There are 2 protein chains.
Amino acid sequence: MAEEKKYGSETCRSAMGSVKDALYVLSGKWKLPLIIALREGPRRFNELQKELVDITPKVLSKELRELELNEFVVRKVFNTVPVTVIYEITPYSASVNPIIEALKEWGEQHRERIVRHRKNEPVTV
Amino acid sequence: MAEEKKYGSETCRSAMGSVKDALYVLSGKWKLPLIIALREGPRRFNELQKELVDITPKVLSKELRELELNEFVVRKVFNTVPVTVIYEITPYSASVNPIIEALKEWGEQHRERIVRHRKNEPVTV
DNA sequence: CTGCATCCTATAGGATACTG
DNA sequence: CAGTATCCTATAGGATGCAG
């Protein structure tokens with residue numbers, strides 16, 4: 001068998017792998033903002049759309065479906081007329097709180113230092 | 001003046017903003033893996049290329065330049081023949097360690113649960 | 001060795017209109 | 001109300017070749 005040469009320490013490679021795994025699930029412009037919004041309480045589709053300001057329904061529904069797949073969010077349908085749909089966060093999703101807190105804290109403390117090289121995005125959202 | 005209506009709580013919107021800021025700097029497939037590699041010690045360009053396995057020189061150099069812009073990495077050139085370039089991490093970049101640790105821990109603990117809906121990527125890298 | 005130039009593709013994400 | 005369908009663009013990222 002071809003023994004593939006590895007570079008860097010084992011712990012280093014394993015760390016990269018784990019970080020990539022985590023980022024994979026949370027990837028997407030709106031995943032974390034959605035989780036943050038839903039942490040405050042259940043929301044309806046159009047409530048989320050207003051709260052996330054710039055998101056389009058197509059993207060919102062895609063992100064929600066992905067969050068549902070990964071068990072971060074539960075979708076509940078009520079047979080009213082017209083239909084009512086509630087999205088709520090799962091207990092499981094609390095597991096990403098440390099990530100959110102770490103990012104939030106870093107963002108707060110280093111906001112001024114960030115170099116926005118691509119475009120002039122507003123600093124605060 | 002048009003008073004724009006805001007949705008969600010103030011702390012919630014502020015959290016979203018900070019998280020977005022943090023993600024902005026760390027966005028890119030290779031930013032965090034690069035920082036993780038460089039935490040272990042200074043590396044040369046082609047060492048990084050081998051260590052990150054699949055990265056192409058163009059992308060590597062782009063990511064390194066962005067990390068340099070944000071003061072995560074310092075580029076040192078030595079006038080040897082051929083030229084030697086060393087990349088090393090800055091003390092400042094230690095500030096993202098909590099983020100990396102949070103992501104790493106989450107990735108380790110939830111690896112099996114991750115639903116890879118887009119493509120069949122290998123679970124470990 | 002380092003890394004830019006060029007070309008290329010896939011995909012994330014947005015705009016708009018429409019439906020059960 | 002809660003989405004889907006269609007179309008579109010920008011950009012991240014990859015492949016390859018070349019240069020100081």
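All values reported here derive from a predicted model rather than from experimental measurement. Protein chains get the first letters and strands the later ones, always in sequence-line order, with residue 1 at the start of each.
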Can you check the [X] [atom1] to [N] [atom2] distance for me, whole Å?
X     : N      : atom1 : atom2 : result
B/W30 : D/dG14 : CH2   : C1'   : 11 Å
A/I86 : D/dG3  : CD1   : C1'   : 15 Å
A/L52 : C/dG13 : CG    : P     : 13 Å
B/Y24 : D/dA12 : OH    : P     : 9 Å
A/I55 : D/dT4  : CD1   : C1'   : 15 Å
A/E47 : D/dC1  : CD    : P     : 10 Å
A/L60 : D/dC1  : CG    : P     : 14 Å
A/D54 : C/dA15 : CG    : C1'   : 12 Å

So what does A/F78 hit on the nucleic acid, given a heavy-atom distance under 4.0 Å: a base, only sugar-phosphate, or nothing? nothing

Criterion salt bridge (Lys or Arg N to Asp or Glu O under 4.0 Å) on A/E101 and A/K104, from CA distance to verdict: CA-CA 5 Å; A/E101 300 317 318; A/K104 184 165 71 87; 3.8 Å; yes

Any chance you could measure B/L64, atom CG, to B/L34, atom CG, to the nearest 0.5 Å?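 Here the rounded value is 5.5 Å.
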
Rounded to the nearest 0.5 Å, what's the gap from CG on B/L67 to CZ on B/R75? Could you check?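 Going from CG on B/L67 over to CZ on B/R75, the span is 13.5 Å.
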
On DNA chain C, compare the nucleotides closest to A/V83 and A/V59; which residue's is nearer the 5' end? A/V59

Report the nucleotide, chosen from [options], that has the shortest atom-to-atom distance to any side-chain atom of [X].
X     : options               : answer
B/P57 : C/dC4, D/dC1, C/dG13  : C/dC4
B/K62 : C/dG13, D/dA12, D/dA2 : D/dA12
B/R65 : D/dA2, D/dG13, C/dC4  : C/dC4
B/K58 : D/dA2, D/dG13, D/dC7  : D/dG13
A/S61 : C/dG3, C/dG14, D/dG3  : D/dG3
B/T56 : D/dG3, C/dC1, D/dA15  : D/dA15
B/R75 : C/dG3, D/dA2, D/dG14  : C/dG3

Strictly below 4.0 Å: does A/Y87 bring a side-chain N or O up to OP1 or OP2 of D/dG3? yes

Is the distance from OP1 or OP2 of C/dC1 to the nearest side-chain N or O of B/R44 less than 4.0 Å? no

Does this structure show an ion pair linking B/E105 with B/R111, if we count only N-O contacts that are shorter than 4.0 Å? no

Basic-acidic side-chain contact under 4.0 Å: B/R65, B/E68: no

